[in-house]
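What's counted below: heavy atoms across the whole structure, side chains too, no hydrogens, waters or symmetry copies. A quick note: this is a predicted structure, and the numbers were derived from the prediction, not measured.
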Amino acid sequence: MTFRQVAAPAVAGSERAALQARLIETYAALLPQGTTTLESYIQRVEQAKTANPKQAADNDVLAKVKENVDILTAAGGFIWVYNRFSALVSALKWAVPTMIAGFGLFAWAANPPDAKPSPPAFSLTIQGSTK
């Protein structure tokens, strides 16, 4: 996952929006003054590249961009995988008991218990005496 993919605009409530919010919350100190989103960070870097003449703030942004992007990209990849893993683990919490119940039901249906012989419909008794 590249930094531009991490910083791309995201739909509210999506996995990417949650990832961006977590990155900004954790690494806000890395962002230049006045940038509040990853997309605005990219715009600030582009602005610093094209500035003529360059000011001290532009040089500062350009000096730190490689290190910051490496940190944000690595952290973004880790957080993305961690969030996906957490979602899969929570899905397994419901899937495993359901699967166990399904296997048990299948085993019971495939091997029903031995049936007791049914009693006869009528009983025949011979009465009489032999002399």
Checklist line | Minimum-distance pair of heavy atoms, taken over all atoms of Ala12 and Ala17 | finding: CA-CB, 4.4 Å
Next item on the list: Any pair with a residue in residues 14-42 that passes salt bridge (Lys or Arg N to Asp or Glu O under 4.0 Å), sequence neighbours left out, goes on the list, sorted by first then second residue, please.
Entry: Glu15-Arg84
Item checked: Separation between OG1 of Thr98 and NZ of Lys93, rounded to the nearest 0.5 Å -> 14.5 Å
Notebook entry, point to check: Is Val89 reachable from Val81 through a run of I, L, V, M, F, W or Y residues, each pair having side-chain heavy atoms under 4.5 Å apart?
Noted result: no
Item checked: Within residues 59-74 or reaching into it, pairs that qualify as salt bridge (Lys or Arg N to Asp or Glu O under 4.0 Å) - sequence neighbours excluded -> Asp60-Lys64, Lys66-Asp70
Check: Are Met99 and Phe106 connected, step by step, through hydrophobic side chains (Ile, Leu, Val, Met, Phe, Trp, Tyr) whose heavy atoms are closer than 4.5 Å?
Finding: no
Check: Taking a hydrophobic cluster as the set of Ile, Leu, Val, Met, Phe, Trp and Tyr residues connected by side-chain heavy atoms closer than 4.5 Å, whether directly or through intermediates, do Leu88 and Ile79 fall within one such cluster?
Finding: no
Check: Which heavy-atom pair separates Thr35 from Pro32 by the least distance, and what is that distance?
Finding: OG1-O, 2.7 Å
Next item on the list: To the nearest 0.5 Å, tell me how far Thr36 OG1 sits from Leu31 CG.
Entry: 8.5 Å
Checklist line | Check: Gln20 side chain, Pro9 main-chain N or O, donor-acceptor pair, under 3.5 Å | finding: no
Item checked: Connected via hydrophobic side-chain network under 4.5 Å: Phe103 and Leu105 -> no
Checklist line | Any Ile42 side-chain heavy atom under 4.5 Å of Arg4 side chain | finding: yes
Item checked: Under 4.5 Å side-chain linkage, directly or through intermediates, the cluster mates of Ile100 -> Leu92, Val96
Next item on the list: Report whether Phe85 and Leu23 are members of the same hydrophobic cluster (ILVMFWY, side-chain heavy atoms less than 4.5 Å apart, transitive linking).
Entry: no
Check: Hey, does Val45 have a side-chain heavy atom less than 4.5 Å from the side chain of Tyr41?
Finding: yes
Next item on the list: Write down the atom of Trp94, the atom of Ser90, and the distance for their closest heavy-atom approach.
Entry: CD1-O, 3.6 Å
Check: Taking the side chain as C-beta and beyond, is there a heavy-atom pair between Leu38 and Ile24 under 4.5 Å?
Finding: yes
Note to self: Are Gln47 and Val61 packed together at the side-chain level, in the sense that at least one heavy-atom pair is separated by less than 4.5 angstrom?
What the structure shows: no
